[in-house]
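Reading through the structure tokens given below for one structure.
Remember, it's a predicted structure, so these values are computed and weren't measured experimentally. Chain A is the first sequence line, chain B the second, and so forth, proteins listed ahead of strands; every chain is numbered from 1.
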Amino acid sequence: MNLRYLGYACINTSLEKTTNKTFRLKNLNYDKYYETVSYNLKSLEDIIRWNRENNINFFRIGSEVIPLASHKQFNFDWENDFKKEMNFLKKLADETNMRFTMHPGQYTVLNSQRMEVVKTAVDEIEYHARFLDKIHPDKGKIVIHTGGVYGDKEKAKKDFIKNFELLSPLAKKMLILENDDKSFDVFDVLEISEKINIPVVFDILHHICNTPCQKPYQNLEEIIEKVVKTWKGDIPVFHLSSRKSNKGCPHTDYIRKTDFRKFISILKKIPVHSQYDIMVEAKMKEKAVIELMKNEQFFN
DNA sequence: GGCCGTCAAGACGAT
DNA sequence: ATCGTCTTGACGGCC
């Protein structure tokens, strides 16, 4: 497999723009909402243009692009209020060949034991789906983690599979499942993926953190080949980051070249005739991507 | 203008 | 039982 796009998440540090400007619940009112969403959508536009100038075609849009959109106290009709802006962004995204993903936060727990938490998770995912559908129809993907274990991982997986059915057809089509650093490893998410037919996002650092045998690279090609099959011909997304220390998973400012090269060379060996995209998770965001793009030999 | 406690929200492991 | 951490870190009251 060959590398196609490298992307970054939510913030452009060169432009000092974010799609994640938000406000406190107590400040929720029409003016604040209108002002903040306008800013976020304008930032997204500026970031897309910047990406085009810099040959970056992959971007994760911040979940707070419409702040508090799924909150029960939020009653504004953002889809209507920002129709014009969203249509414009759709056109711009098409013209510039951007690929977008979104990634709801850790509070989105689809397999929770508490029904009200499941409901807010569904609402949150549906909001992401509607947003992405407006500017990136048939292409947008929503990355989530499996959720909590609650002392019984097998049951927790079944609950995820069961609650997946609560989503709309649109959201189901967009959802992709990422292995996490503590609870649900790549084997768990592959198992879930097989049952409900959604693609797996493989995060190499989470895999390393979540591989107790200290041999995370063992059988890695075999694992990744299975992951790629879950995409059913669509171009897979991988997550890449470097860890700051040996403990936990905090990210570095830039990706270590050795981490990048090691990962790329493994993917190179996967015997599937396909390209793939990498979401780079590093504090210096687009600057980390630009650094990696200097390794031209890895692009085809 | 910079600092830092807090923020809509959940789960988990360390203490 | 409580705290810190995970992360897309950002807000905003206080100095």
Side-chain angles (χ1 to χ4, degrees), chain A residues 7-13 15-29 32-33 35-37 39-40 43-44 47 58-75 100-128 131-132 141-153 155-157 159-160 163 178-185 188 201 203 205-206 208-210 212 239 241-245 247-253 279-286 288-289:
Chain A
Y8 62 101
C10 306
I11 299 166
N12 183 299
T13 66
L15 288 172
E16 295 186 342
K17 295 239 165 153
T18 167
T19 58
N20 252 2
K21 196 172 162 62
T22 181
F23 49 80
R24 296 286 174 258
L25 187 56
K26 68 174 180 182
N27 295 327
L28 174 58
N29 61 60
K32 195 79 180 170
Y33 144 79
E35 178 197 321
T36 309
V37 174
Y39 171 87
N40 284 339
S43 294
L44 181 54
I47 288 172
F58 189 20
F59 183 67
R60 181 189 298 166
I61 300 168
S63 285
E64 290 171 296
V65 62
I66 317 287
L68 306 175
S70 72
H71 196 276
K72 57 182 183 298
Q73 287 177 44
F74 183 100
N75 287 312
F100 294 124
T101 55
M102 291 180 86
H103 193 351
Q106 73 249 50
Y107 299 105
T108 307
V109 185
L110 193 57
N111 77 342
S112 175
Q113 306 298 96
R114 289 163 53 203
M115 204 52 218
E116 69 268 25
V117 176
V118 175
K119 195 186 170 309
T120 57
V122 169
D123 290 346
E124 181 73 351
I125 294 167
E126 294 295 341
Y127 140 65
H128 281 77
F131 183 85
L132 273 177
K141 297 289 177 198
I142 303 166
V143 183
I144 66 161
H145 293 290
T146 312
V149 174
Y150 313 105
D152 184 349
K153 201 194 253 187
K155 181 181 184 300
K157 284 190 251 185
D159 285 341
F160 184 93
N163 293 345
E178 179 183 356
N179 60 311
D180 68 69
D181 58 333
K182 284 198 182 69
S183 307
F184 297 92
D185 62 22
D188 295 318
V201 182
D203 184 307
L205 180 56
H206 289 166
I208 292 166
C209 294
N210 204 348
H239 286 181
S241 50
S242 289
R243 79 199 295 198
K244 227 172 182 166
S245 67
K247 215 169 64 108
C249 270
H251 296 161
T252 49
D253 290 351
M279 177 53 61
V280 171
E281 296 178 330
K283 291 205 186 304
M284 291 313 286
K285 305 291 179 185
E286 83 293 344
V289 170

TODO: List for me each residue that meets side-chain hydrogen bond (donor to acceptor under 3.5 Å, both in side chains) alongside Lys283(A), sequence neighbours excluded, and say none if there are none.
DONE: none
Open item on the list: Run the ring-ring contact (aromatic ring centres under 6.0 Å, His included) test against His145(A) and tell me which residues pass, sequence neighbours left out.
Closed with: His103(A), His206(A)
- [ ] For Lys21(A), report the nucleic acid contact type (base, sugar-phosphate, nothing); a contact means any heavy atom under 4.0 Å.
- [x] sugar-phosphate
Open item on the list: Rounded to whole Å, how long is the line connecting atom NZ of Lys17(A) with atom C1' of dG9(C)?
Closed with: 19 Å
- [ ] Return the stacking result for dG10(B) and Tyr107(A): yes when the ring centres lie under 5.5 Å apart and the planes under 30°, no otherwise.
- [x] no
Open item on the list: My understanding is that only residues two or more places apart in sequence, or in another chain, count here; which of them pass ring-ring contact (aromatic ring centres under 6.0 Å, His included) with Tyr107(A)?
Closed with: none
TODO: Measure the distance from CG on Leu28(A) to P on dA9(B) and round it to the nearest whole Å.
DONE: 14 Å
Open item on the list: Taking any heavy-atom pair under 4.0 Å as a contact, classify Gln73(A): base, sugar-phosphate, or nothing.
Closed with: nothing
TODO: Could you name each residue pair satisfying side chain to side chain donor-acceptor pair (under 3.5 Å) that touches residues 15-25 of chain A, not counting sequence neighbours?
DONE: Lys17(A)-Asp46(A)
Do any N or O atoms of the protein come closer than 3.5 Å to N or O atoms of nucleotides 11-15 of chain B, and which pairs are they?
from	atom 1	to	atom 2	distance (Å)
dA11(B)	OP1	Ser112(A)	OG	3.0
dA11(B)	OP1	Tyr150(A)	OH	2.4
dC12(B)	OP1	Val149(A)	N	2.5
dC12(B)	OP1	Tyr150(A)	N	3.2

- [ ] Check the distance between dC6(C)'s C1' and His239(A)'s NE2 and give it to me in whole angstrom.
- [x] 15 Å
Task: Inter-nucleotide P distance (dC4(B), dT7(C)), Å rounded - done: 24 Å
Task: Donor-acceptor contact below 3.5 Å, side chain Asn111(A) vs main chain Gly148(A) - done: yes
Open item on the list: If you assign Thr36(A) and Glu281(A) each to the DNA chain C nucleotide with the nearest heavy atom, which residue ends up on the more 5' nucleotide?
Closed with: Glu281(A)
Task: Interatomic distance at P, dC6(C) relative to dG2(B), whole Å - done: 26 Å
- [ ] Could you work out the separation of dA10(C) and dA11(B) based on their P atoms and round it to a whole Å?
- [x] 25 Å
- [ ] Ignoring hydrogens and angles, tell me if any N or O in the side chain of Asp188(A) forms a donor-acceptor pair with the backbone of Asn179(A) under 3.5 Å.
- [x] no
- [ ] To the nearest Å, give me how far apart CG (Asn20(A)) and P (dC7(B)) are.
- [x] 19 Å
Open item on the list: Using a heavy-atom cut-off of 4.0 Å across all strands, would you classify Pro104(A) as base, sugar-phosphate, or nothing?
Closed with: base
Open item on the list: Between dG4(C) and dG9(C), how far apart are the two C1' atoms, rounded to whole Å?
Closed with: 16 Å
- [ ] Rounded off to whole Å, could you give me the CG-to-P distance for the Leu205(A) and dC6(C) pair?
- [x] 12 Å
Could I get a table of every N or O pair under 3.5 Å where one atom is in the protein and the other is in nucleotides 12-15 of chain C?
from	atom 1	to	atom 2	distance (Å)
dG12(C)	OP1	Arg24(A)	N	3.3
dG12(C)	OP1	Asn27(A)	ND2	2.2

TODO: Using only side-chain N and O atoms of Lys119(A), determine if any of them is under 4.0 Å from OP1 or OP2 of dG10(B).
DONE: no
Task: side-chain hydrogen bond (donor to acceptor under 3.5 Å, both in side chains) partners for Lys155(A), two or more places apart - done: Asp159(A)
TODO: Take the protein atom CD of Glu116(A) and the nucleotide atom P of dA8(B), then report the distance between them rounded to whole Å.
DONE: 18 Å
Open item on the list: My understanding is that only residues two or more places apart in sequence, or in another chain, count here; which of them pass ring-ring contact (aromatic ring centres under 6.0 Å, His included) with Tyr8(A)?
Closed with: Phe59(A)
Task: side-chain hydrogen bond (donor to acceptor under 3.5 Å, both in side chains) involving Asn29(A) - partner list, sequence neighbours excluded - done: none
Open item on the list: Whole angstroms only, please: what is the CG-C1' distance between Leu25(A) and dT6(B)?
Closed with: 13 Å
Task: All ring-ring contact (aromatic ring centres under 6.0 Å, His included) counterparts of Phe58(A), not counting sequence neighbours - done: none
TODO: Kindly indicate whether the side chain of Asp181(A), heavy atoms from C-beta on, has any atom under 4.5 Å from the side chain of Leu205(A).
DONE: no
TODO: Runs of at least three consecutive Watson-Crick or G-U pairs, both distances under 3.5 Å, are what I'm after; which ones involve DNA chain B?
DONE: B:1-7 with C:9-15, B:10-15 with C:1-6
Open item on the list: Does Lys153(A) have more than 12 heavy atoms from other residues, nucleotides or ligands lying within 6.0 Å of its NZ?
Closed with: yes
Open item on the list: What's the gap between dA8(B) and dA1(C) when it is taken at their P atoms, as a whole Å value?
Closed with: 27 Å
Task: Pairs meeting criterion salt bridge (charged side-chain N to carboxylate O under 4.0 Å, His left out) with involvement of residues 103-118 of chain A, two or more places apart - done: Arg114(A)-Glu116(A)
Task: Distance, rounded to the nearest Å, where Leu68(A) contributes CG and dA10(C) contributes P - done: 15 Å
